[in-house]
Number of protein chains: 2
Amino acid sequence: MSKPVTISDVAARAGVSPTTVSHALSGRRSVSPSALARVKQAADDLGYRPNQVASSLRTQRTHTVALIVPDIANPYYPAVARGLHDAIAADGYYTTIGSTDGERETELGFLDEMVRRSVDGIIVFAFAMGEEDLTRVVPARIPLVVATHNLTNAHDQVNSDDPAGTETATRHLLAQGITEIAFVSGPKGRGPGDRRLTGYTQAMHSAGIVPTASDIIRSDYTVAGGRQAVGELLSRPRPPRALVCANDLIAIGALEAARDAGVAVPADLAVIGFDDVDAASLVAPPLTTVVNPAYEMGRQCGRLLLDRLIEGYDGPPRSVVVPTHLIIRATA
Amino acid sequence: MSKPVTISDVAARAGVSPTTVSHALSGRRSVSPSALARVKQAADDLGYRPNQVASSLRTQRTHTVALIVPDIANPYYPAVARGLHDAIAADGYYTTIGSTDGERETELGFLDEMVRRSVDGIIVFAFAMGEEDLTRVVPARIPLVVATHNLTNAHDQVNSDDPAGTETATRHLLAQGITEIAFVSGPKGRGPGDRRLTGYTQAMHSAGIVPTASDIIRSDYTVAGGRQAVGELLSRPRPPRALVCANDLIAIGALEAARDAGVAVPADLAVIGFDDVDAASLVAPPLTTVVNPAYEMGRQCGRLLLDRLIEGYDGPPRSVVVPTHLIIRATA
DNA sequence: TGACCGACGCAAATCGATTTGCAAGCCGGG
DNA sequence: CCCGGCTTGCAAATCGATTTGCGTCGGTCA
């Protein structure tokens, strides 16, 4: 039941004051070589490990950033987390991840808790919150990066170039002479679906086609959701010849729905996804999709935060756009 | 630049002392109805949010548990994280995840940092650490759950029933009259490969077959690693007729290797994985695999911790075994 | 030699909440 | 009327590190 070693214990053993121990270990003020050696020795002997909670209280820095995502089980987000980690770990920052199921209440609750915990920065991949929620819950003193969201100009933001991605995807289909193209989005106003929709719409317009309401269907961002939505779509009298999907999980669900319905992919139904999660290249047939560099997204979020936390940048909000590109496999 | 509201600010506005505010909000001592009302009103008006860092310093509780995994991008672990989250969130605990690439140094570094941060509990899915590492770095006062590891009797542990899983898988192959079965493991002494190997060996023995060294090949736990290892295996003069793989990613790599080599699955090569990650049912052909309930593993880890953190259990280490079962799809 | 400066050490204040110990006020029972 | 007990409030100690302010000591330069 040995209690933890404190800075006073080290000081006592080295025969100096806690002040000197602190300075010796942090190097913030010079310490005589002999004292330095004694302190290091004592700290070593006792196995001293500074209490970060106490340190954080005093310095008002926790060396922690919060990452809020809708669903950590969606393979896109672990890759984001990885990119973020790799961007900030070298500077001693750690990440706390919150998975919120895209529920506004949960998002707000987690955000609030992170503020109470004095995290140094926050990265939000949020679905259900609005700008006013963010500014209400997050004090201005905490740097905030908003990702994959079309809601704010008041904060740093990182976005994949969604419109360009779906536009390229849609053009790829049009170039094959396919014109009956539907877009499978997520719930209205939630997630990147709406921004991806614009690229599709644009490409269609510039081909002289005006998509009707029935060309745009809504799902959630899961395999099961995609399967069901596309299943219904395929049972229509005149189903489309191709689908542009708001993410890969929906697209994978679409492949399942096509198989269920005995529809050949890509011969009778071309399918394009978005994200390029690992599974996209593994499904059968391998999915044609828009690469959305999750790792890079996470990394850029980390960089924007570090700019404010370490470099001391204090200017106006900045916006980073991460390019996307189409990777053609076997479904379109 | 409004600075955060402190308990003293609330006290001042309510016309009471900080003590009373604390008691009013925590309910740890009764407070007169009038004072209670004034405190609540003041806290509300000011938007008071108690500083958790200060609270943690005083109470020695952070309401945080650390989860250490080798690779958060391996889809098995997000599911674990999810199960853990669901087990402990209701009691106000949050999770900090560390991804260590299975490097001993990284594992130890993260563990050390978590101790400095005074987490209330630690869950280790570790690859490279030994028992003595754990006891050295983690003080006895912090509850520790070791998962998927064969190294300790000194701590609570949670394991999937790995031997039973691979034994069932191997018997499934033997029952089809297949006897040339290889086992594709991970690096020696790292991860669950060795425990899964024993089930395979047992089943083979009880069928009167003694696997030779060349029947057991080593890889890492990734798709790329599995592809390469199995690719080499298939170029042998007499390749095996079936594979039992230490995890799904290896098995998926094996499917790719088979495709590369023009070997038909399952006709010429049967493949069985382990874990049943989401992608397992999505690959072509869908993977026959042993279900390793990640979510349940995480949940059980959380329960063991809470038992000590909340229920006050203080007895000897306990061991939970989560059952596994074979799910037959199309590769064996 | 005296003035000045840098190096170095320590006491004490600080971060913000929780909790202990003490005391005042109030009640009912003997 | 007094005492014990309950409620309620506050001052102060506490958690463990960091940092400010002050003072001492030695050395340098004029």
**Prompt:** Does a donor on one side chain and an acceptor on the other come within less than 3.5 Å for Thr64(A) and Arg117(B)?
**Reply:** yes

**Fill in**
When rounded to whole Å, the CZ to P distance for the pair Arg116(A) and dT18(C) reads 12 Å

**Request:** Can you tell me the distance, in whole Å, between the CG atom of Asp9(A) and the P atom of dC15(D)?
**Result:** 11 Å

**Message:** What I want to find out is whether Asp86(A) reaches Arg299(A) closely enough, with some N-O distance under 4.0 Å, to be called a salt bridge.
**Reply:** no

**Prompt:** Got a sec, which residues hit ring-ring contact (aromatic ring centres under 6.0 Å, His included) with Tyr76(A), two or more places apart in sequence or on another chain?
**Reply:** none

**Five-pair end axes of the helix from dT1(C)-dA30(D) to dG30(C)-dC1(D), angle between them (10°)** = 50°

**Complete:** Side-chain atoms of Ser17(B) come closest, of dC10(C), dA11(D), dA17(D), to dA11(D)

**Prompt:** With sugar-phosphate meaning primed atoms plus P, OP1 and OP2, does Gln52(A) contact a base, only sugar-phosphate, or nothing at under 4.0 Å between heavy atoms?
**Reply:** nothing

**Request:** Check salt bridge (charged side-chain N to carboxylate O under 4.0 Å, His left out) between Arg29(A) and all other residues, then give those that pass, not counting sequence neighbours.
**Result:** none

**Item:** SB check Arg82(A) Asp101(B) (cutoff 4.0 Å)
**Value:** yes

**Message:** Just the rounded figure in Å: distance from P of dT18(D) to NE2 of His63(A).
**Reply:** 10 Å

**salt_bridge(Asp112(A), Arg116(A)) N-O dist < 4.0 Å** = yes

**Item:** Any donor-acceptor N/O pair, Glu107(B) side chain to Met129(B) backbone, under 3.5 Å
**Value:** yes

**Prompt:** Does CZ in Arg28(B) sit with more than 12 non-hydrogen atoms of other residues, nucleotides or ligands closer than 6.0 Å?
**Reply:** no

**Request:** Would you mind reporting whether Gln52(B) and Glu113(A) have side-chain heavy atoms less than 4.5 Å apart?
**Result:** yes

**Message:** Quick check on dG16(C): is either OP1 or OP2 less than 4.0 Å from any side-chain nitrogen or oxygen of Gln60(A)?
**Reply:** yes

**Prompt:** Could you give the CZ-to-C1' distance, from Arg58(B) to dT14(C), as a whole number of Å?
**Reply:** 16 Å

**Asked** Using a heavy-atom distance cut-off of less than 4.0 Å, which residues of residues 19-31 of chain B contact DNA chain D?
**Response** Thr19(B), Thr20(B), Arg29(B), Ser30(B), Val31(B)

**Request:** Calculate the interatomic distance between Arg117(B) atom CZ and dA17(D) atom P; express it in whole Å.
**Result:** 15 Å

**Residues Asp220(A) and Arg190(A) bridged, charged N to O under 4.0 Å** = no

**Message:** Test: ring-ring contact (aromatic ring centres under 6.0 Å, His included). Region: residues 33-70 of chain A. Which pairs qualify, not counting sequence neighbours?
**Reply:** His63(A)-Tyr93(A)

**Request:** Check DNA chain C against residues 32-49 of chain A and give the residues with a non-hydrogen atom under 4.0 Å, in numerical order.
**Result:** Ser32(A), Ala35(A)

**Message:** Regarding Val16(A), tell me which of base, sugar-phosphate or nothing describes its non-hydrogen contacts under 4.0 Å with the strands shown.
**Reply:** sugar-phosphate

**Fill in**
Regarding the side chain of Leu57(A), the nearest nucleotide among dC10(C), dT19(C), dC15(C) is dC15(C)

